[in-house]
A.B. asks: 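Mind having a look at this structure? Questions to follow.
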Amino acid sequence: MALTPDDVVTKQFQHVRFKEGFDPDEVDDFLDEIVVEWRKTIAENDELKAKVAALESGASSAPAAAEPVAEEPVAETPAPAPVPAEGAAATAGIIELAQRLHDEHVAEGKAQRDQLIADAQAQAATIVAEAEAKGRDEIARQEKERKALEARITELRQFERDYRAELRSFIEGKLRDLETSPSGSSNTPVSAIGL
């Protein structure tokens, strides 16, 4: 059974579920391109067959008039040559179409790769920017905390100085009181003082 362009056009494929497959629209577009090329090839084939038939009928009448027997095989030898050329042309057309499809898929893959890289770089930049912002916020918070602690240390040092000064003046005052107090207390027995 010979495959015709109409067979390609009417071919139905089963749809698969829950599996990866080809995009039906893309397959249909590709098959449409194949059908167009195939129809061109068939038309070209028919045209070449008509030319061959015309040449053979023209070659048959010309040798009959001149009657050279040696020229008849020469006329038949070129006749089969177009058939392989047609096959080669059809093959070349299919190869060209396949190459174009391959190039499209490669270009699409590269575009997807570039898009994924760009998305990843954008996401990385966002993550880095967020981390830097958090780092700046943390540094600002720690700097504020450090200033508060330094202020508290300064307050405590001032409190210590003031406390020492008051304690010193209190002790010095008590010492002066002891020195200025009457020395008559020495006559008092120790047991009376409560020591």
A.B. asks: Would you please name every residue forming a side chain to side chain donor-acceptor pair (under 3.5 Å) with Glu130, sequence neighbours left out?
C.D. replies: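 Result, side chain to side chain donor-acceptor pair (under 3.5 Å) vs Glu130: none returned.
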A.B. asks: With sequence neighbours excluded, what pairs up with Asp119 under the side chain to side chain donor-acceptor pair (under 3.5 Å) test?
C.D. replies: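 Residues passing side chain to side chain donor-acceptor pair (under 3.5 Å) with Asp119: Gln115.
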A.B. asks: Mind checking what makes side chain to side chain donor-acceptor pair (under 3.5 Å) contact with Glu166, not counting sequence neighbours?
C.D. replies: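 Per chain and number, Glu166 pairs via side chain to side chain donor-acceptor pair (under 3.5 Å) with no residue.
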A.B. asks: Using 0.5 Å steps for rounding, measure from the CD1 atom of Ile139 to the CD atom of Glu132.
C.D. replies: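 These two atoms lie 10.5 Å from each other.
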A.B. asks: When you check the gap from the basic side-chain N to the acidic O, do Lys134 and Glu138 get nearer than 4.0 Å?
C.D. replies: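 Between Glu138 and Lys134 there is no salt bridge, as every charged N stays at least 4.0 Å from the carboxylate O atoms.
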A.B. asks: CD of Gln123: more than 12 outside heavy atoms within 6.0 angstrom?
C.D. replies: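 No - once you tally the heavy atoms of other residues, nucleotides and ligands closer than 6.0 Å, there are 12 at most.
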A.B. asks: Give every donor-acceptor pair under 3.5 Å between a side-chain atom in residues 98-109 and any protein atom, sequence neighbours left out.
C.D. replies:
residue	atom	partner	partner atom	Å
Gln99	NE2	Asp103	OD1	2.9
His105	NE2	Glu26	OE2	3.4

A.B. asks: Once salt bridge (charged side-chain N to carboxylate O under 4.0 Å, His left out) is applied, do any residues pair with Arg152, and if so which ones, sequence neighbours excluded?
C.D. replies: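 For Arg152, the residues satisfying salt bridge (charged side-chain N to carboxylate O under 4.0 Å, His left out) (neighbours in sequence not counted) are Glu155.
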A.B. asks: Is it the case that atom CZ in Arg161 sees more than 12 heavy atoms from other parts of the structure closer than 6.0 Å?
C.D. replies: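 Yes, because the 6.0 Å sphere around CZ of Arg161 holds more than 12 heavy atoms from other groups.
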A.B. asks: Output the distance between atom CG (Asp6) and atom CH2 (Trp38), rounded to the nearest 0.5 Å.
C.D. replies: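 CH2 of Trp38 is found 9.5 Å from CG of Asp6.
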A.B. asks: Rounded to the nearest 0.5 Å, how far does CD of Glu150 lie from OG1 of Thr154?
C.D. replies: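 If we round to the nearest 0.5 Å, Thr154:OG1 and Glu150:CD are 7.0 Å apart.
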A.B. asks: Is it true that Glu44 and Lys40 have a side-chain N and a carboxylate O under 4.0 angstrom from each other?
C.D. replies: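 Between Lys40 and Glu44 there is no salt bridge, as every charged N stays at least 4.0 Å from the carboxylate O atoms.
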A.B. asks: To the nearest 0.5 Å, how far apart are CD1 in Ile171 and CZ in Arg164?
C.D. replies: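 Rounded to the nearest 0.5 Å, the CD1-CZ separation comes out at 11.0 Å.
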A.B. asks: Please report the closest heavy-atom contact between Asp177 and Thr180, naming both atoms and the distance.
C.D. replies: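 Scanning both residues completely, I find the closest heavy atoms to be O-OG1, 3.2 Å.
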A.B. asks: Can you tell me how far the CD atom of Glu160 sits from the CD1 atom of Ile153, to the nearest 0.5 Å?
C.D. replies: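 Reported value, rounded in 0.5 Å steps: 12.0 Å.
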A.B. asks: Decide yes or no on side-chain contact (heavy atoms from CB on, under 4.5 Å) for Lys144 and Arg141, but give the supporting numbers first.
C.D. replies: CA-CA 5 Å; Lys144 185 177 178 182; Arg141 187 186 65 77; 5.7 Å; no
A.B. asks: Please indicate whether Arg146 has more than 12 foreign heavy atoms, meaning atoms of other residues, nucleotides or ligands, lying under 6.0 Å from its CZ.
C.D. replies: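 Yes, because the 6.0 Å sphere around CZ of Arg146 holds more than 12 heavy atoms from other groups.
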A.B. asks: Could I get the full list of salt bridge (charged side-chain N to carboxylate O under 4.0 Å, His left out) partners for Glu179, not counting sequence neighbours?
C.D. replies: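 Listed in chain order: nothing, the list is empty.
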A.B. asks: Linking I/L/V/M/F/W/Y whenever any side-chain heavy atoms sit under 4.5 Å apart, do Val35 and Ile94 land together?
C.D. replies: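 In one cluster with Val35: Ile94, no.
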